[in-house]
Amino acid sequence: MRFTPHSQAEITSMLQDIGLNSLDELFSDIPEPLKLKKELNLGQGMSEMSLRRHMTDLSSKNIHTGQYPCFLGAGAYDHYIPAAMEELLSRSEFYTAYTPYQAEISQGILQSIFEYQTMICELTGMEVSNASLYDGATALAEACKMACEATRRNQIILSATLHPSYQAVVKTYAMSGKMDIIIAPEHDGVLDLEQILAMINKQTAAVVVQQPNFYGLIEELEALEKAVHAVNGMLIMSVNPVSLALLRSPGEWGADIAVGEGQPLGNPLNFGGPYLGFMACMKKNIRRLPGRIVGQSVDTNGKRAFVLTLQAREQHIRRERANSNVCSNQALNALAASMYLSLVGKKGLKDIALRCHHLACYARDAFSRQGIQLKHEQPFFMEFAVKVADPPQVNRKLLEEGIIGGYELEDALLFAFTEKRSRSEIDQLVTSVGRINNE
Amino acid sequence: MDIRKDLLYSDQHEWVRIEDDKAFIGITDYAQENLGDIVFVEMPEVDREVEAEEAVGVIESVKAVADLFSPVSGTIVEINEELEDAPQLLNEEPYEQHILVVSMSELGEADDLMNADDYARFCEEEEQRG
Amino acid sequence: MSKLLFEKNVPGSNAFSLPPCDVPEQDIAIPAKFLRQTEMALPELSEVEVVRHYMALSHQAYGVDDGLYPLGSCTMKYNPKINEWAVRLPGWSCLHPLQAPETVQGALELMYETERMLCEIGGMDAFTLQPAAGAHGEMTGVMIIKAYHQHRKDERRKKILVPDSAHGTNPATAHVMGYQVVEVKSNHRGLVDLDDLQAKMNDEVAGLMLTNPNTLGLFEEDIEDIARIVHEDGGLLYYDGANLNAIMGVARPGDMGFDVVHYNLHKTFSTPHGGGGPGSGPVGVKSFLSDFLPQPVLIKEKDGYRLDEDRPLAIGKIHSFYGNFAVVVKAYAYIKALGSAGIREACQYAVLNANYLRCKLKDYYEIPYDRLCKHEFVATGRWQMEDNGVSTLDIAKRLIDFGYHPPTVYFPLIIKEAMMLEPTETESKQRLDDFIAVMQEIAREAREEPRQVLEAPHNTPVLRVDEVQAARNPVVRYDKS
């Protein structure tokens, strides 16, 4: 297939206008030894029909969550996506547009981001939000950098109950030499409060906690918030946006920066991406917020208008003085998140959060009736771990029975329950786990 | 372009007015003109010790950003808090608005600064370099 | 301008319902102190109102499907529709990233094959698909460079060289990763000044970040000497692939001496820009650096593909999962559709279109480096500015009235009143001729009726927006009060 419109006659006439005789002459500035002497080994181009078949065949080699019920969570969740979203996201004015630098022809995109920022503020209880970052883990890493700059300190304390991939990404970003990472230990699946309180001191730029944490459990943060603020450090919370319809928000906990994975808000699982990292903070730190931000202003007639603002923070202006190099964000995923929040609405999001919680509670009771023990005795939202003898073996058997099992911990499986799971699916899961574990 | 006779100037386009051991520091008309509409001034903390030519703050316009340097060494004893809410004052009356005041530790440093005539020539050269 | 969602709110209105609950709806098993106390002011609207809202917003946006989008360095080429179809296949979109490897062999095969094709296109030995955007790729690449020097216990290297014409992300990335940035000057031909490079290169320099062709659209003809100078002093050469469209199928960064590269799948490989993202910024390296690639690394074994997490020298993880997989699916489909010949042809026509545009505009706009360019070139509004007080920004805004997206303006920074034009290969001669006629007309207006240009745009939903007010008093969320 080709997506180029030129006819041979046009090529000839264009070359003539340029004063050249052949397409090859367009590359006469490339030194001869550097020119590729062979054809690339990429195969022959495919027709649309062949490509369609090829892609169908290749994707059919996978088993997906539309075929088997999925109890995997651990940072990506199989929530329902309203039908209107696919239709609206197919508008190519949205998806084929560039970053809205030209405000006059980009009001639609700018307004959608302004609305997104508003909704993220509402969810998190924070005052300002950016237009999104790559994903939950990178948003957290950016938040840690931001805390170091704001406090002029470099020690970041990560909770051991933070998603292991998020811990890993923050550690990678610390290659800059500008952050020292220490890990605060856990106890029965939640932060060991006594230990973390002892770790906080005047070098602490921020303490990072995940809520609900990696094991799906809810952390008690009151003493922690007081302790970190007593030394003028920051509290960073990584949160699940759906949980916020039910759980105390970062704003209510007194957090300084809230980040999280926005995928649960209407974004398909897509084997891990593209997702979106959301990030919000209090107004006093707005000029340290990385990424793009849309602001409200007026046009020359005094009419309300939206525009990318505070650009002097960003790499294209600040260059080697910039504190973040982010330019592309996940605008289309942020658009999906705001469409999702608009479609499910205020009541819908609460209903979904409650349903997830109820299904998880039902599963907990069913597991205990089967004699399967929970790994932790702590309140949870929609995800929890149960003890099994051989987690990989249980998962393998579950798969044979047509179930996508849980996330494998050392001695347990971590299961997630979204509103898409039914009672009968949960019953089947619980029965199978019980049986396999006893084999 | 306005250059005041009674002030001293740095090659970073700051003006300095010295009263006893105190240096009042602001940006020149040339600087504000080149930056365009100033939207934010990031101030240093009071009591901070600074070396001459050390970056102490940041001035942001819509499309540009410039470091603010202290032309003299000493301790920052005051910042102009009015600018935090009204950064446009730096555009409107650059010479009436100091940004910070430094209690100088080395009074001799004032001799390294330019007078108005030297600064006018300096700006002309900058213009020609483009 | 449309009302905001929140201004359309109908309390109690609702577009969504769950199926009946078939499990007991017990009390919430969470202590009250962990529960939310404050209300969330999320929208309350019917489905049709939500749909109409976003339809209205789409009418106030402008994509490649609406018209020519000559943004320099952004490669706004047509985004083939088959790719959008392909990515919605449930076999991709409904895959959980943590599923067992045996259930995702198709996805791993697609990733493996994409890595192989990207290696082939760039002349590199290994690739990672994990960086979520170009800047993320740059960061990953600079981390690899840092890890390499650290591994060799070469601790003196604290600097990264960046040309003065570079994208802002280059110096920003180097700074964010803890390097001191040293700028290398351009010479009178718009290319890296070899003397300046030689003077600044030493054993404290970790590497040079370079775009080739550079941001002026000019091929760095001395690239072999540049590579030699950097390598002789133990530095590494980083290729910013923003402009890969200009050479793909014709020459390869790997053959030029680059050690680390990133591509932008959302530029060169036709994946849509999404109004600012998602992108994808895969990073490729020569074999001596492959141990430093971020984990997991995709490997092929006799019984299938698997993600290897056990990589002792790896820089670590850089993404929650494996990057923007669905974007990779689209790029894969694009390369498969074009094949070897199509990739080369796309490059040739991109360069043809840029040179055609350059030749047709040079009598109307100053072209500082008026010679053979690659996929883009820089013109300026300097004549219009000097003669009529019409700036490049004014010209850009006037283009909007004629139905075109403006080019990149005021970049690269080393050129005054710059406008950087990149037509891409998917624009036809007729489109280009129409655009040329409009650019000529605007040049005439600037001379004869400058107000038309100075006050542009005239026909948009809003006129020029007050950016100063937006930045002085930031209002970044709706507030009812």
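Naming convention: chains lettered A, B, ... in sequence-line order (proteins, then strands); numbering from 1 in each chain.
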Q: Check each atom of Lys374(C) against the heavy atoms of chain A and say whether the ones under 4.5 Å are side chain, backbone, both or neither.
A: side chain
Q: Side chain from CB out, backbone as N, CA, C, O: work out which of these in Ala174(C) comes under 4.5 Å of a heavy atom of chain A, or both, or neither.
A: neither
Could you tell me whether the side chain of [X] and the main chain of [Y] form a donor-acceptor pair under 3.5 Å?
X	Y	result
Thr172(A)	Ile318(C)	no
Asp299(A)	Val465(C)	no
Gln330(A)	Pro278(C)	no
Ser340(C)	Glu39(A)	no
Thr309(A)	Ala470(C)	yes
Arg319(A)	Pro171(C)	no
Glu47(C)	Ala84(A)	no
Tyr95(A)	Gly63(C)	no
Asp466(C)	Val298(A)	no
Thr96(A)	Val64(C)	yes

Using non-hydrogen atoms and a 4.5 Å limit, figure out which bit of [X] sits close to chain C: side chain, backbone, both or neither.
X	value
Ser106(A)	backbone
Ala245(A)	both
Tyr166(A)	side chain
Gln102(A)	both
Gln311(A)	side chain
Arg318(A)	neither
Ile293(A)	side chain
Ile30(A)	both
Asp351(A)	both
Glu314(A)	neither
Phe94(A)	both
Thr65(A)	both
Gln296(A)	both
Leu399(A)	side chain

Q. Are Arg88(C) and Ser90(A) close enough, and set up right, to give a side chain to side chain contact (heavy atoms under 4.5 Å, CB included), and what steps lead you there?
A. CA-CA 11 Å; Arg88(C) 291 199 185 98; Ser90(A) 303; 3.3 Å; yes
Once you measure the plane-to-plane angle for [X] and [Y], does it fall in the parallel (<30°), tilted (30-60°) or perpendicular (>60°) bin?
X	Y	answer
His6(A)	Tyr349(C)	tilted
Phe3(A)	Tyr78(C)	tilted
Phe271(A)	Tyr322(C)	tilted

Measuring from atom [atom1] of [X] to atom [atom2] of [Y], what distance do you get when rounded to the nearest 0.5 angstrom?
X	Y	atom1	atom2	value
Cys361(A)	Ile28(C)	SG	CD1	9.0 Å
Gln348(C)	Leu23(A)	CD	CG	5.0 Å
Ser324(A)	His175(C)	OG	NE2	10.0 Å
Leu34(A)	Glu224(C)	CG	CD	4.0 Å

Q | Worked check of side chain to side chain contact (heavy atoms under 4.5 Å, CB included) between Glu109(C) and Leu58(A) | A | CA-CA 8 Å; Glu109(C) 182 179 337; Leu58(A) 193 54; 3.6 Å; yes
State, with a plain yes or no, whether a side-chain heavy atom of [X] is found less than 4.5 Å away from one of [Y].
X	Y	answer
Leu89(C)	His64(A)	no
Leu40(A)	Arg344(C)	no
Tyr62(C)	Tyr98(A)	no
Ser342(A)	Phe6(C)	no
Leu42(C)	Met119(A)	yes
Leu310(A)	Pro474(C)	yes

Q: Among the options Pro457(C), Ala100(C), Ala346(C), Gly134(C), pick out the one with the most heavy-atom pairs lying under 4.5 Å from chain A.
A: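 Ranked by contacts with chain A, first place is Pro457(C).
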Q) Between Val181(C), Val50(C), Asn79(C), Val329(C), which residue shows the highest count of heavy-atom pairs closer than 4.5 Å to chain A? A) Val50(C)
(Q) Is it true that Asp135(A) and His319(C) share a donor-acceptor pair across their side chains at a distance under 3.5 Å? (A)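 Yes, a side-chain donor-acceptor pair sits under 3.5 Å.
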Q. Does a donor on one side chain sit under 3.5 Å from an acceptor on the other, for Ser58(C) and Arg91(A)?
A. yes
Carboxylate-amine/guanidinium contact [X] [Y], below 4.0 Å:
X	Y	answer
Lys35(A)	Asp255(C)	no
Arg477(C)	Glu122(A)	yes
Glu104(A)	Lys397(C)	yes
Lys360(C)	Asp17(A)	yes
Glu39(C)	Lys346(A)	yes
Glu44(C)	Lys347(A)	no

Q: Assess the pair Phe411(C) and His316(A): is the distance between their ring centroids shorter than 6.0 Å?
A: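 No - the distance between ring centres of Phe411(C) and His316(A) does not fall below the 6.0 Å cut-off.
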**Q.** Intermediate values then yes/no, side chain to side chain contact (heavy atoms under 4.5 Å, CB included), Val476(C) and Ser129(A)
**A.** CA-CA 7 Å; Val476(C) 302; Ser129(A) 157; over 6 Å; no
Q: Mind running side chain to side chain contact (heavy atoms under 4.5 Å, CB included) on Gln315(A) and His167(C) for me, showing each step along the way?
A: CA-CA 9 Å; Gln315(A) 48 76 29; His167(C) 299 117; 5.8 Å; no
**Q.** Closest non-hydrogen atom pair between Pro31(A) and Phe219(C), with its separation
**A.**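 So the two residues come closest at CD-CE2, 3.6 Å.
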Q. Any chance CD of Glu102(C) has more than 12 other-residue heavy atoms, nucleotides or ligands included, within less than 6.0 Å?
A. yes
Q) Got a sec: does the CD of Gln26(C) have more than 12 other heavy atoms crowding it under 6.0 Å? A)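 Count over threshold, so yes.
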